[in-house]
Amino acid sequence: MQKVILVIHGMRSGKLNETLLHFTKRLFKETDLDYDIAFLESKTQTLSDCISHNVQNGYQQIQMIPLLLLNASHYFEDIIAIRDEWQSNHPEIEIQIAQPLGTHPAMKDWISEQIENCSSQINDKTAIVILAHGNKRFEEPDIALTQITQELTAQYHACFPAMVYGSLNFKQILPPLAQAYKRLIIIPYFFYDGFLVNRTKQQISEMHLDCEMYFTPAIHFHPILKKVILARLHELEEGACVSGTT
């Protein structure tokens, strides 16, 4: 028996997890996908508990789909660590881990849609900034987002990567761009406009950059996520993604 576990970051308190459950269930309400939802940050529905529950119910093949945009600490240190512990203690259980969603080629379609929605504001004095979470200890998010922006630049217009955390920190990236361009279009590469996105917008506003700025909405569980999640699942089924690697 095979079970899909959608692994969501979540929060330890508040109502965000309920909202995430609602959005995720809405994405898959018209499918027959046999899945559960687990949270990395939650007092309930933890990933370990979710695996344990399904193993007790006879599932011996687990396919974990991280609802993360880029690889970083949650992928390498949390999800893979839990997988390794389970495989060590239960070698009869096969657990595969898919790649994160944000590096799938289809996610560039969502970014392209945001750019096209702003086409009337784009000229040679405009820079497009893709803003993501980032990580101080892992370079993988920086590498992935830089590649995405390079591909978008070749296809559309001048695009630049920026992060909330890490070496591509927006506080270092945005000032020189504001000097070189009269308008910055900032696309939050986040699942939703939550606390972190709103706080970052406020911090950018307080930088008083000498240029016009426009923020697009975050992803907000756009239907394209369903397409990408199913594609990642297909990769696991076809053996194209080696479990636990990037």
Side-chain angles (χ1 to χ4, degrees), residues 1-10 20-41 45-48 50-51 54 59-84 86-87 93-114 130 132-135 138 140-148 151-152 188-192 218-246:
M1 294 175 63
Q2 180 174 289
K3 173 72 77 169
V4 174
I5 298 179
L6 304 177
V7 187
I8 305 176
H9 184 278
L20 295 175
L21 283 172
H22 170 74
F23 279 126
T24 306
K25 290 178 179 178
R26 189 175 69 181
L27 278 178
F28 292 99
K29 67 179 181 179
E30 296 181 355
T31 71
D32 58 359
L33 185 67
D34 185 7
Y35 73 94
D36 270 346
I37 296 172
F39 292 105
L40 293 174
E41 296 287 341
Q45 285 187 247
T46 67
L47 180 54
S48 290
C50 187
I51 295 173
N54 282 289
Y59 289 94
Q60 293 191 321
Q61 291 182 309
I62 305 291
Q63 295 174 318
M64 295 197 293
I65 312 294
L67 269 63
L68 304 171
L69 288 173
L70 301 171
N71 282 340
S73 55
H74 285 305
Y75 188 89
F76 293 116
E77 297 178 346
D78 296 331
I79 297 175
I80 289 180
I82 291 172
R83 187 283 310 270
D84 289 349
W86 265 93
Q87 297 257 237
I93 305 301
E94 179 185 357
I95 302 178
Q96 296 176 294
I97 307 174
Q99 292 291 318
L101 307 185
T103 54
H104 190 276
M107 286 306 299
K108 283 193 300 181
D109 295 340
W110 176 83
I111 300 176
S112 298
E113 181 180 306
Q114 309 314 302
I130 315 300
H133 189 284
N135 191 282
F138 292 87
E140 282 82 358
D142 294 349
I143 293 172
L145 190 62
T146 298
Q147 181 177 344
I148 290 171
E151 293 171 357
L152 289 167
Y189 203 36
F190 289 78
F191 285 118
Y192 46 88
I219 299 168
H220 286 298
F221 281 80
H222 188 286
I224 201 168
L225 290 178
K226 178 180 178 180
K227 173 182 177 180
V228 174
I229 291 169
L230 294 177
R232 289 305 195 204
L233 179 60
H234 180 70
E235 289 173 358
L236 291 182
E237 292 171 345
E238 293 296 313
C241 177
V242 179
S243 179
T245 63
T246 61

Participant: So, using side chain to side chain donor-acceptor pair (under 3.5 Å) as the criterion, who are the partners of Glu41 when residues are at least two apart?
Facilitator: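 Checked Glu41 against side chain to side chain donor-acceptor pair (under 3.5 Å); matches are Arg12.
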Participant: To the nearest 0.5 Å, what is the distance between CD1 (Ile65) and CZ (Arg232)?
Facilitator: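 Answer for the CD1-CZ pair, Ile65 versus Arg232, is 9.0 Å.
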Participant: Do you know which two heavy atoms are closest between Ala38 and Leu47, and how far apart they sit?
Facilitator: CB-CA, 3.7 Å
Participant: Does any non-hydrogen side-chain atom of His74 lie less than 4.5 Å from one of His133?
Facilitator: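 The answer is no, as the side chains (C-beta and beyond) never meet within the 4.5 Å cut-off.
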Participant: Is there side-chain contact between Val7 and Asp78, with at least one heavy-atom pair below 4.5 Å?
Facilitator: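 The answer is no, as the side chains (C-beta and beyond) never meet within the 4.5 Å cut-off.
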Participant: Parallel, tilted or perpendicular: which one describes the rings of Phe28 and Tyr35, with boundaries at 30° and 60°?
Facilitator: tilted
Participant: Report the C-alpha separation of Tyr75 and Leu70 in whole Å, then their side-chain angles, then the decisive distance to 0.1 Å, and conclude whether the side chain to side chain contact (heavy atoms under 4.5 Å, CB included) test is met.
Facilitator: CA-CA 8 Å; Tyr75 188 89; Leu70 301 171; over 6 Å; no
Participant: Which atom pair, heavy atoms only, marks the closest approach of Pro141 to Gly134?
Facilitator: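 Here Pro141 and Gly134 meet closest at CB-CA, 4.3 Å.
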Participant: Please report the interatomic distance CD(Glu77) to CG(Leu40), rounded to the nearest 0.5 Å.
Facilitator: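 With rounding to 0.5 Å, CD (Glu77) is 12.0 Å from CG (Leu40).
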Participant: Run the side chain to side chain contact (heavy atoms under 4.5 Å, CB included) check on His9 and Phe191 step by step: do they pass?
Facilitator: CA-CA 11 Å; His9 184 278; Phe191 285 118; over 6 Å; no
Participant: Can you name the residues that form a side chain to side chain donor-acceptor pair (under 3.5 Å) with Gln63, not counting sequence neighbours?
Facilitator: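 Gln63 satisfies side chain to side chain donor-acceptor pair (under 3.5 Å) with Gln2, Gln96 only.
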Participant: Taking side chain as C-beta onward, heavy atoms only, is Trp110 less than 4.5 Å from Val228?
Facilitator: no
Participant: Enter the distance from Ile8:CD1 to Leu20:CG here, rounded to the nearest 0.5 Å.
Facilitator: 5.5 Å
Participant: Any donor and acceptor pair, going by atom type alone, linking the side chain of Tyr189 with main-chain N or O of Gly102 inside 3.5 Å?
Facilitator: yes
Participant: Checking side chain to side chain contact (heavy atoms under 4.5 Å, CB included) between Ile95 and each of Gln87, Gln60, Gln61, which is the one that passes?
Facilitator: Gln87
Participant: Got Ile148 and Ile130 here, is their nearest side-chain heavy-atom distance under 4.5 Å?
Facilitator: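 A side-chain contact is absent here, since even the closest heavy-atom pair is not under 4.5 Å.
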Participant: For residues Leu27 and Phe23, determine if any side-chain heavy atom of one lies less than 4.5 Å from a side-chain heavy atom of the other.
Facilitator: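 A side-chain contact under 4.5 Å is absent here.
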Participant: Would Met107 and Ile219 count as a side chain to side chain contact (heavy atoms under 4.5 Å, CB included) if you check the C-alpha gap in whole Å, the side-chain angles of each, and the deciding distance to 0.1 Å?
Facilitator: CA-CA 10 Å; Met107 286 306 299; Ile219 299 168; 3.8 Å; yes
Participant: Would you indicate whether Lys226, at its atom NZ, is surrounded by more than 12 heavy atoms from other residues, nucleotides or ligands within a distance under 6.0 Å?
Facilitator: yes
Participant: Specify whether Phe221 and Tyr192 have parallel, tilted or perpendicular ring planes, treating 30° as the upper limit for parallel and 60° as the lower limit for perpendicular.
Facilitator: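 Because their plane-to-plane angle is under 30°, the rings of Phe221 and Tyr192 count as parallel.
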Participant: Measuring from Ile5:CD1 to Ile62:CD1, what's the distance to the nearest 0.5 Å?
Facilitator: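 Output value for this atom pair is 4.5 Å.
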Participant: In the structure I gave you, are the side-chain heavy atoms of Ile224 and Glu113 within less than 4.5 Å of one another anywhere?
Facilitator: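 SC-SC contact between Ile224 and Glu113 ruled out.
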Participant: Using side-chain heavy atoms (C-beta onward) and a distance below 4.5 Å, is Asn71 in contact with Gln99?
Facilitator: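 The answer is yes; the side chains approach within 4.5 Å.
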Participant: Before you tell me yes or no, could you show the steps for Leu21 and Gln45 under side chain to side chain contact (heavy atoms under 4.5 Å, CB included), namely the whole-Å CA-CA distance, both residues' side-chain angles and the distance that decides it to 0.1 Å?
Facilitator: CA-CA 11 Å; Leu21 283 172; Gln45 285 187 247; 3.8 Å; yes
Participant: To the nearest 0.5 Å, what is the distance between CG on Leu67 and CD1 on Ile37?
Facilitator: 8.5 Å
Participant: Indicate the atoms forming the closest heavy-atom contact of Leu68 with Pro100, along with that distance.
Facilitator: O-CB, 3.2 Å
Participant: To the closest 0.5 Å, what do you measure between CD1 (Ile93) and OH (Tyr59)?
Facilitator: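 One finds 12.5 Å between CD1 of Ile93 and OH of Tyr59.
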